Each structure stands twice: as C-alpha cells, then as structure tokens.
Student: 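Here's a structure for you.
Given the structure is predicted, the values throughout are model-derived calculations rather than measurements. Just so you know, these numbers use all the heavy atoms, side chains as well, and skip hydrogens, waters and symmetry mates.
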Amino acid sequence: DFDFDDDEVTLSRSDFGLNLGATVDFSGVYIGLNYGLGLTNLNTDPDDSTSVKNTNISIIAGYMFGGASSDL
C-alpha cells in the first residue's frame with residue numbers, strides 16, 4: 001500500500017527492464033501479445049526492504065489497410 005498524501009516520495013523515477021512480444025498476421029488482421037518485466041527495484045527507502053518492480057502485459061489487435069504486410 002502506498003500513501004500518496006505523503007510529502008516524501010520513496011520511489012525511483014527511473015526504471016530499466018525487458019520487453020518481449022510476438023505478433024501474428026492473418027491476411028491483414030494481426031494480433032499480438034507483449035510482456036514487460038521491470039528489472040530495477042523502484043523502492044528507494046533504505047528502511048524498507050520491500051521490492052517494487054513494474055510488470056505489464058499488453059494485447060494488440062489491428063487491421064492493415066491494403067492487405068497483408070510485405071516480407072522484408
């Protein structure tokens with residue numbers, strides 16, 4: 001739990017992480033899944049040993065006007 005009314009911020013503003021993703025194309029319609037894993041502990045409070053890291057999952061869906069993408 002975080003107290004957002006506290007004047008002292010104990011979270012780092014910078015993060016470093018890895019992003020992995022895959023997309024599949026079906027004749028112009030595509031779907032994808034991405035995963036982001038934060039590697040940096042964002043907790044900067046020296047008296048608190050709790051590790052705080054960012055993680056996210058995103059789902060992508062779309063349509064390419066003009067048909068499928070060209071192979072490069």
Student: Who are the side-chain hydrogen bond (donor to acceptor under 3.5 Å, both in side chains) partners of Asn34, not counting sequence neighbours?
Tutor: none
Student: Measure across Tyr63 and Tyr30 and return the closest heavy-atom pair with its distance rounded to 0.1 Å.
Tutor: N-CE2, 3.7 Å
Student: When you measure from the side chain of Asn41 to the backbone of Val52, do you find a donor-acceptor pair of N or O atoms at a distance under 3.5 Å?
Tutor: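 Yes.
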Student: About how many Å separate CG of Leu11 and CG of Asn43, when rounded to the nearest 0.5 Å?
Tutor: 6.5 Å
Student: State whether the number of non-hydrogen atoms from other residues, nucleotides or ligands found under 6.0 Å of Ile59 atom CD1 is greater than 12.
Tutor: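 12 or below, so no.
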Student: Does Leu37 belong to the same Ile/Leu/Val/Met/Phe/Trp/Tyr cluster as Ile57, with side-chain heavy atoms less than 4.5 Å apart forming each link?
Tutor: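 Linked within one cluster.
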Student: Is there a side-chain contact between Leu18 and Tyr35, using heavy atoms and a 4.5 Å cut-off?
Tutor: no
Student: Calculate, to the nearest 0.5 Å, the distance between atoms CG and OG1 belonging to Leu39 and Thr55 respectively.
Tutor: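 So the gap between those two atoms works out to 11.5 Å.
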Student: Identify the heavy atoms of Thr40 and Lys53 that sit nearest to each other, and give their distance.
Tutor: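 Residues Thr40 and Lys53, closest heavy atoms: O-CG, 3.6 Å.
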Student: Hey, are the side chains of Leu42 and Asp15 touching, using non-hydrogen atoms and a 4.5 Å cut-off?
Tutor: yes
